[in-house]
Amino acid sequence: MDYDMPRRPRPRPNKPVQGGSVPLVYPVEVSCPYCGESFSTVVDGWGGSQTCVEDCAVCCRPVLLTLDIDANGTLQALHIAREDD
């Protein structure tokens with residue numbers, strides 16, 4: 001049986017992708033605490049406040065991203081730190 005998979009919307013910089021009234025993912029620009037270079041990534045608003053690790057796209061070192069997500073799934077703050085801090 002052939003069928004087309006639904007396409008997920010691609011995130012636009014600084015605008016959350018909406019799933020009903022709750023954001024699914026937020027595209028963010030991260031400045032690496034090791035090399036200082038910027039890279040883009042997306043963070044998930046469904047899991048609530050959390051800490052995750054994202055490797056720098058330039059130097060490949062692990063960057064800790066701490067997300068402050070409110071009860072509505074809105075990204076309130078993003079804290080960036082070195083893994084060895």
Side-chain angles (χ1 to χ4, degrees):
M1 176 185 336
D2 292 331
Y3 61 93
D4 291 328
M5 295 294 293
R7 292 181 180 224
R8 292 183 68 160
R10 299 191 81 198
R12 286 184 257 154
N14 301 321
K15 295 202 180 220
V17 175
Q18 298 292 318
S21 62
V22 179
L24 299 174
V25 294
Y26 289 91
V28 294
E29 190 73 16
V30 176
S31 180
C32 177
Y34 296 97
C35 69
E37 294 292 327
S38 294
F39 64 95
S40 297
T41 189
V42 292
V43 294
D44 186 357
W46 282 108
S49 295
Q50 57 191 294
T51 298
C52 56
V53 177
E54 181 78 28
D55 289 339
C56 173
V58 179
C59 71
C60 299
R61 290 185 175 142
V63 178
L64 289 178
L65 304 175
T66 302
L67 313 172
D68 290 332
I69 309 270
D70 69 12
N72 295 321
T74 303
L75 179 64
Q76 297 295 313
L78 174 66
H79 306 281
I80 302 164
R82 296 168 60 125
E83 186 179 53
D84 58 4
D85 280 347

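Note: hydrogens, waters and symmetry copies are ignored here, and every other heavy atom, side chains too, is used. This one's a predicted model, so the numbers in the text were calculated from it and none came from an experiment.
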*Check against side chain to side chain contact (heavy atoms under 4.5 Å, CB included), L64 and I80*: CA-CA 6 Å; L64 289 178; I80 302 164; over 6 Å; no
*Non-hydrogen atoms of D44 and V25 that approach each other most closely*: CA-CG1, 4.3 Å
*Using links of under 4.5 Å between side-chain heavy atoms of ILVMFWY residues, direct or through other members, which residues join V58 in one cluster?*
none
Can you give the donor-acceptor pairs under 3.5 Å from side chains of residues 30-38 to other protein atoms, not counting sequence neighbours?
| residue | atom | partner | partner atom | Å |
| --- | --- | --- | --- | --- |
| Y34 | OH | P62 | O | 3.3 |
| Y34 | OH | E83 | N | 2.9 |

*By salt bridge (Lys or Arg N to Asp or Glu O under 4.0 Å), which residues pair with R61, not counting sequence neighbours?*
none
*Check the hydrophobic clustering (I, L, V, M, F, W, Y; side-chain heavy atoms under 4.5 Å; chains of links allowed) and say if L75 and V63 are grouped together.*
yes
_Do L78 and F39 land in one hydrophobic cluster if side-chain heavy atoms of ILVMFWY residues count as linked below 4.5 Å?_
yes
*Going from OG1 on T51 to CG on L65, what distance comes out if it is rounded to the nearest 0.5 angstrom?*
8.5 Å
*asked:* Would I69 and S49 count as a side chain to side chain contact (heavy atoms under 4.5 Å, CB included) here? Give the steps.
replied: CA-CA 5 Å; I69 309 270; S49 295; 4.3 Å; yes
*With A77, which residues qualify under side chain to side chain contact (heavy atoms under 4.5 Å, CB included), at least two apart?*
D68, H79
*Can you list the residues that meet the side-chain hydrogen bond (donor to acceptor under 3.5 Å, both in side chains) rule with S40, with sequence neighbours excluded?*
E29
*Sorted by first residue and then second, give each salt bridge (Lys or Arg N to Asp or Glu O under 4.0 Å) pair with at least one member in residues 72-82; sequence neighbours left out.*
R82-D84
